[in-house]
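It should be emphasised that the depicted structure is a prediction, and the values quoted were computed from it without experimental measurement. Each residue takes its place number in the sequence, starting with 1. Read the numbers this way: they start at 1 and go in the same order the structure lists the ligands and their atoms.
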Amino acid sequence: MTKKMNKEYWEERYKSNEIGWDVGEITTPLKEYIDQIENKRLKILIPGAGNGHEFDYLIEKGFTNITVIDIAEQPLETLKKRNPKYIKNFIQGDFFDFDKTFDLIIEQTFFCALNPKMRTKYVTQMHSILEKNGKIAGVLFDFPLTEVGPPFGGSKEEYINLFSKKFNLKTLESAYNSIKPRKDRELFFIFEKK
Ligand SMILES: C[S@@+](CC[C@H](N)C(=O)[O-])C[C@H]1O[C@@H](n2cnc3c(N)ncnc32)[C@H](O)[C@@H]1O
């Protein structure tokens, strides 16, 4: 049976420093994707951002409208300390209750951190908080889905089935620029809201 992964669960993971997903900096697939975006005024959301290395990178690159949401307090406090100017951009809350809209949503190890039963709800929520032609982009794991997780796996086929009703799947391919521990284990994707 899948464990209950509520706010307390995530707070505890941060408290006990069991955060193996956090590589301490932005990963190459996201970095290289961000590097080619020209419009720095896009409204960007990073859900389940954890320590939010992507936030720092986006700020460094001159993006002006970035929101972070995470259910856990501790990583947001860390982000606030590093970025005191942007305290208002950091929201502690449940992604599934959020109702602002965005042009671009960045995904990395958030989808795989959720109970797999939430996947359809994730797709619906992503769709509803994107502007017209808005996009989700990032990485999804490419290893078999089992009861063991997080992270919970998935496959290209599963993602096609899950997302194609509500999104145009612009890109969904094995990432060529993964960090070493994730090599051949993740798919880079760009899905545009239908
Ligand atoms: C595996 S961590 C990934 C963190 C970050 N994306 C990274 O790559 O370092 C998953 C994150 O999602 C957050 N989270 C889990 N469920 C959430 C929810 N329903 N709403 C918002 N954040 C959530 C957790 O607190 C945790 O920070």
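E18 and S16 share a donor-acceptor pair across their side chains, judged by distance under 3.5 Å alone. Residues Y33 and N177 have side chains that never bring a donor and an acceptor to within less than 3.5 angstrom of each other.
Ring planes of Y14 and W21: perpendicular class, angle over 60° (limits at 30 and 60°).
When the side chain to side chain donor-acceptor pair (under 3.5 Å) test is applied to N168, no partner is found at least two apart in sequence or on another chain.
Panel note: side chain E54, backbone L58; no donor-acceptor pair is recorded below 3.5 Å.
Considering every non-hydrogen atom in both P150 and C112, the closest pair reads CB-O, 3.9 Å.
Contact shell of ligand 1 (protein heavy atoms, cutoff 4.0 Å): W10, Y14, W21, G48, A49, G50, D70, I71, A72, G93, D94, F95, F96, Q108, T109, F110, A113, L114.
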